[in-house]
**Q** 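This structure is in structure tokens; I'll ask about it shortly.
Atoms within each ligand, like the ligands themselves, are counted from 1 in listed order.
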Amino acid sequence: MLALMNNMPYLLGDQFDSKFTWFPEQASTFAAENDWLFFVITWICVLFFVPIAGCLFYFCWKYSKPKGQKAESNTAHNTPLELAWSILPSFFLVAMFVVGAKSYLNLRTVPEGANEVGLRAQMWNWQLDYGNGVINPELHILVDEPTKLAMRSTDVIHSVFIPAFRAKKDVVPGRYNYMWFEADVASEKVSEEVLENARKENGTEPWDYDKWQFTSDGYKFFDLYCTEYCGKNHSIMQTAVVVHESLEDLNAWIKQVSKRNDDENSPGYVKPVDWGRKLYNQRGCAGCHSLDGTKRVGPSFKESYGNKRELADGTTVTADEDYIRNSILYPKKQVVAGYQPVMPSYQGQLSDDDIASIIAYLKTVSDYGPKAGPTTGDEVKTTEE
Ligand code: HEC
Ligand SMILES: [Cu+2]
């Protein structure tokens, strides 16, 4: 369990608001009203609870009789009093309902022209879809503009909760759900120097959000986590929300994560193995496939590439490039014996270059096969349609 958690982002980036120390910073247009309403209702409840409980104890004491003496009732009916304590509180209730309903309707009415981001929830990670095949586990949005999340789940019920935005909504399998919010606090960026040092110390993926308190691109972030108990690793189903100050900044980020920079002569060149490692950590593989031989939902990648595989249909295959590629695109076709066919297909979600990069990475972590042991990953170029 611990080993698994080490592979996952484990984060708590929200700053706490000094006014309400148990609430995180208010970072969306919903937050102030939401908190105000919450405290009004809480104080109304306190206002009623304290005198009622006070009277209860006082009367217990005042009207108690010594042991052995028979208690007797001397209550009389008092119509004005009964009317007063029925009608007065109902005004409070109606007022709470009206304000609450108005605020709820606002939460459910997406403004026209909202920026749309797709969200896919699966055990136990989030995949945000920015269109044109750009999928990333982090949610990146624009400040002072409404964002709509179009949400679906591929397995069980999850729930998106962004405390700093005071926004929360269930994601239910078999249907699309949506939520919207407008962030009004942009994420700060740490200095290049701080980022460079953190990158050096962190080493390769996974990025340690909890330790650095900023993303691997140097942005401070808000927390997003699952708030519907969805199985064993529910508590680590978290990700970071980054609010960009300008569209140029957001687009630059999207461009940078959209695909591997394969131009060997450019300064941002990324080797296939490194990209493969990144995808392994970011696209949910790590949740089901370990690197150290532990059996999770799926077989460990330590004994994947190059291994002889017994399949559920009784045949045996060698886990070569082609087999791995097919396992990723059509996981239900060749199911490994002893496992459930629960792996989602990544067809349309991973490009040929992505898959080649994953294969390059799997070679470096596998104990089997001709290429077992660390490689540079440069020699791998396998793509046949
Ligand atoms: C929900 C859990 C789950 C996720 C997420 C998942 N897999 Fe799998 N995977 C499985 C299971 C279970 C099997 C074994 C059954 C089968 O062959 O379908 C498997 C099998 C495989 C195999 C064949 C392994 C072998 O040794 O024979 C490969 C390769 C593979 N997965 C790659 C990936 C990659 C790459 C990703 C991420 C992009 C990924 N998987 C994400 C559950 C998952
Ligand atoms: Cu969940």
**Q** Any atom of ligand 1 sitting under 4.0 Å from a heavy atom of Y305?
**A**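 So Y305 does not count as touching ligand 1.
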
**Q** Go through the structure and list residues passing salt bridge (Lys or Arg N to Asp or Glu O under 4.0 Å) with D354, not counting sequence neighbours.
**A**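 Expected list: none.
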
**Q** Return the minimal non-hydrogen interatomic distance between R260 and P272, and the atom names on each side.
**A**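 Heavy atoms only, the tightest pair is NH1-CD, 3.5 Å.
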
**Q** Protein N/O/S atoms under 2.8 Å from the Cu ion (ligand 2): how many?
**A**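 My tally for this metal is 4.
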
**Q** Measuring from atom NE2 of H158 to atom CG of N125, what distance do you get when rounded to the nearest 0.5 angstrom?
**A**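 Here the interatomic distance stands at 8.5 Å.
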
**Q** By residue and atom, what protein N/O/S atoms are less than 2.8 Å from atom 8 (Fe) of ligand 1?
**A**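 N, O, S partners closer than 2.8 Å: H289 NE2, M343 SD.
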
**Q** Give me the residue, atom name and distance of the protein heavy atom closest to atom 5 (C) of ligand 1.
**A**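 Nearest neighbour among protein heavy atoms for atom 5 (C) of ligand 1, to 0.1 Å: G284 O, 3.3 Å.
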
**Q** Is Y280 in contact with ligand 1, taking contact as a heavy-atom separation below 4.0 Å?
**A**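 So Y280 does not count as touching ligand 1.
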
**Q** Students should be able to answer this: which protein heavy-atom is nearest to atom 26 (O) of ligand 1, and at what distance?
**A**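 Result: S304 OG, 2.4 Å.
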
**Q** Salt bridge or not between E264 and K271? Use side-chain N to carboxylate O under 4.0 Å.
**A**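 No salt bridge links E264 with K271.
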
**Q** Heavy-atom pairs closer than 4.0 Å: do any link ligand 1 to the side chain of I358, the backbone, both, or neither?
**A**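 For I358, only side-chain atoms sit under 4.0 Å from ligand 1.
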
**Q** I need the nearest protein heavy-atom contact for atom 32 (C) of ligand 1: residue, atom name and distance, please.
**A**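 Its nearest protein heavy-atom neighbour is F301 CZ, 3.5 Å.
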
**Q** So is Q334 touching ligand 1 or not, going by heavy atoms under 4.0 Å?
**A**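 The answer is yes, since Q334 has a heavy atom less than 4.0 Å from ligand 1.
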
**Q** Cation-pi check for Y330 against K333: NZ or CZ below 6.0 Å from the six-membered ring centre and within 45 degrees of the axis, yes or no?
**A**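 Judged by the rule (NZ or CZ under 6.0 Å from the ring centre, within 45° of its axis), K333 counts as positioned above Y330.
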
**Q** Carefully, step by step, assess Y178 and K169 under the rule side-chain contact (heavy atoms from CB on, under 4.5 Å).
**A** CA-CA 8 Å; Y178 67 90; K169 191 78 205 164; over 6 Å; no

**Q** Suppose we call two aromatic rings close when their centres sit under 6.0 Å apart. Are F221 and Y209 close by that rule?
**A**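 Yes: the rings meet the under 6.0 Å criterion.
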
**Q** So which of I359, V336, V317 gets nearest to atom 17 (O) of ligand 1, if we judge by its closest heavy atom?
**A**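 Among I359, V336, V317, the closest heavy atom to atom 17 (O) of ligand 1 belongs to V336.
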
**Q** Below 4.0 Å, non-hydrogen atoms only: which portion of Q340 touches ligand 1? Side chain, backbone, both or neither.
**A**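 Only the backbone of Q340 comes within reach of ligand 1.
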
**Q** Which other residues belong to the hydrophobic cluster containing L105, where Ile, Leu, Val, Met, Phe, Trp and Tyr are joined when side-chain heavy atoms lie under 4.5 Å apart, directly or via other members?
**A**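 For L105, no cluster forms, as it stays isolated from other hydrophobic side chains.
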
